[in-house]
Amino acid sequence: MLLQIIGSFFAVVAFCFILGSPRNYILAAGIMGALGWALFLFLSQRGISVGIATFFSGCLVSLCAQLLARIAKTPVTIFVIPGILPLVPGAGMYHIVASIIRSNGPETSYYIAQTLTISGMIAVSIIVAESLFHLLPVKKKPSAQPKKGDCS
Amino acid sequence: MDNKLLLDTAVMAGELMLESGAETYRVEDTMRRMLSLSQLKTSQVFVTVTGFVATLDDPSIHSMTVVRRISSRGTNLGKIHQINSISRNLCSGQLSLEDAFHQIREIKRTPQKPRACLISTTVVTAAFTMTFGGTLWEILIAALAGFLMALCLYACKRFHMQSFLSTLLSAAVVSVCAFLCTRILSMPGSLDPIVIGSIMPLVPGVAITNAVFDTLNGDYLSGVARTMEAFVTAAAVAIGIGIGLGLLQGL
């Protein structure tokens, strides 16, 4: 399990290089991705369903991402996109195809439902984190938004 | 303030952000903030996934409108970050318009490094196979598959192939490579973790994330477009694996 978490750290870090992330945020993104995957593994081992496990680890990743983005004053996606990647249902997509090739109907529909659930849960977890952070008061810089009616 | 230069700067920033895969609402917001620096009566921006319109108008000037069509879209988070901070500095007055224009043009001219992409794709596939519990042999085979996939992606880019086709071909390369190594050359290891780990660079994680952010910020048009993109990419990956495995198993 430790090996898997280390693997997810390196995967996220290397993926940051593909995405051309800013150098100084790569380490943070990697740690975040590894944390998310660790939570996912922990919850799945406790016998919690894949969908719920994805939801909670997605929440952890996107909350961390929102926090980091506020601190670094940078778009949230810079942390969310690499951090959420280990949770994206690549395995589900593969199992759908593999079961179609074996012409195993029930297995195919099971994996289609599972893949859709996981992607939906990722979406919901991002929504939850974003909505929570929208409740926080935002410090407005007076010069950042010039008033429209100012010109005479 | 030089309105023409301001419009040019905003248009170039928007173009680069859209090409780098920024969310639509963010592009719109950045451009609107930049254009509102002109203090003119009308400064409007309308952005979609594939292009945008920006206009500046005032009783004192002839109105200026720019339309841009964005044809190539990839993901480059570094560019999004750089333009975001330039626009922040410009709007807070820390950066003059001329400097901002030159800095953005500098970002536009920076070329991408294909070799770095090749190495990191290899590392990504190997590391993801490790993430999904692969053995040492499986990790090595996945690294090979990732290397071949990166070469295939690079070749497709050189020939300006459609993204659907290039994703499909890359997924097929992965599955053929994994199948050949495990079943025909009978290296130790099973097929599943290799293929799952190796397709991870192709899965539509970026599209899913951007779809959610666009939808949440009320840009439903782009949200639907990006959801569609996610499904199409997923379909391309699935068909690619299917072609590779189906063909080889039929032999």
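Atoms OG and CD1, from B:S120 and A:I18 in turn, are 4.5 Å apart once rounded to the nearest 0.5 Å. Interatomic distance, CG of B:L77 versus CD1 of A:I26, reported as 9.5 Å (0.5 Å rounding). Distance OG/B:S198 to OH/A:Y94: 10.5 Å, rounded to 0.5 Å. We find the CD1-CG distance between A:I78 and B:N84 to be 7.0 Å, quoted to the nearest 0.5 Å. To the nearest 0.5 Å, atom NE2 of residue B:H81 and atom CG of residue A:N24 are 6.0 Å apart. Annotation: the span from A:I81 atom CD1 to B:T209 atom OG1 amounts to 5.0 Å, rounded to 0.5 Å.
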*I would like to know whether A:T74 and B:R88 meet side chain to side chain contact (heavy atoms under 4.5 Å, CB included); could you show each step before the answer?*
CA-CA 10 Å; A:T74 183; B:R88 240 173 220 280; over 6 Å; no
*Stepwise, does the side chain to side chain contact (heavy atoms under 4.5 Å, CB included) test hold for A:L85 with B:F128?*
CA-CA 10 Å; A:L85 193 79; B:F128 264 122; 3.5 Å; yes
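For A:F9, no part sits under 4.5 Å from any heavy atom of chain B, backbone or side chain. In this structure, chain A has heavy atoms under 4.5 Å from both the backbone and the side chain of B:L245. When heavy atoms are compared at a cutoff of 4.5 Å, A:L19 approaches chain B by way of both its backbone and its side chain. At a 4.5 Å heavy-atom cutoff, B:A116 makes no contact with chain A through either its backbone or its side chain. Proximity to chain B (any heavy atom under 4.5 Å) is shown, for A:P89, by neither the backbone nor the side chain. With a 4.5 Å cut-off on non-hydrogen atoms, B:S85 does not touch chain A at all. Contact annotation for B:D192: both backbone and side-chain heavy atoms come within less than 4.5 Å of a heavy atom of chain A. With a threshold of 4.5 angstrom between heavy atoms, B:Q82 does not approach chain A through any atom at all. For A:I84, the part lying under 4.5 angstrom from a heavy atom of chain B is the side chain only. Proximity to chain A involves both the backbone and the side chain of B:N76, based on heavy atoms less than 4.5 angstrom apart. Looking at A:V12, there are no atoms closer than 4.5 Å to chain B (heavy atoms on both sides), in backbone or side chain. At a 4.5 Å heavy-atom cutoff, the contact between B:N217 and chain A is made by side-chain atoms alone. Contacts of B:I241 with chain A are made by both backbone and side-chain atoms, with heavy-atom separations under 4.5 Å.
B:V123 and A:A14 get closest at one heavy-atom pair: CG1-CB, 3.7 Å. Closest heavy-atom contact between A:Q4 and B:T131: OE1-O, 3.0 Å. Here the closest non-hydrogen pair linking B:R26 and A:V76 is NH2-N, 3.7 Å. Contact record, A:I101 with B:G246: CD1-N, 3.8 Å, taken as the closest heavy-atom pair. When all heavy atoms are compared, the tightest approach of B:V124 to A:A11 is CG2-O, 3.8 Å.
Across B:V206, B:N210, B:L118, the residue that shares the most heavy-atom pairs under 4.5 angstrom with chain A is B:V206. The candidate from A:V88, A:T77, A:V80, A:I126 with the greatest count of non-hydrogen atom pairs under 4.5 Å with chain B is A:T77. Looking only at heavy-atom pairs under 4.5 Å with chain B, the residue among A:S131, A:P86, A:S119 that has the most is A:P86. The candidate from A:G90, A:P75, A:S21 with the greatest count of non-hydrogen atom pairs under 4.5 Å with chain B is A:P75.
By the neighbour-count criterion of 12 heavy atoms within 6.0 Å, atom CZ of B:F132 is densely surrounded, having more than that number from other residues, nucleotides or ligands. Within a 6.0 Å sphere centred on CZ of B:F179, heavy atoms belonging to other residues, nucleotides or ligands number more than 12.
A:H95 places a side-chain heavy atom less than 4.5 Å from the side chain of B:I196.
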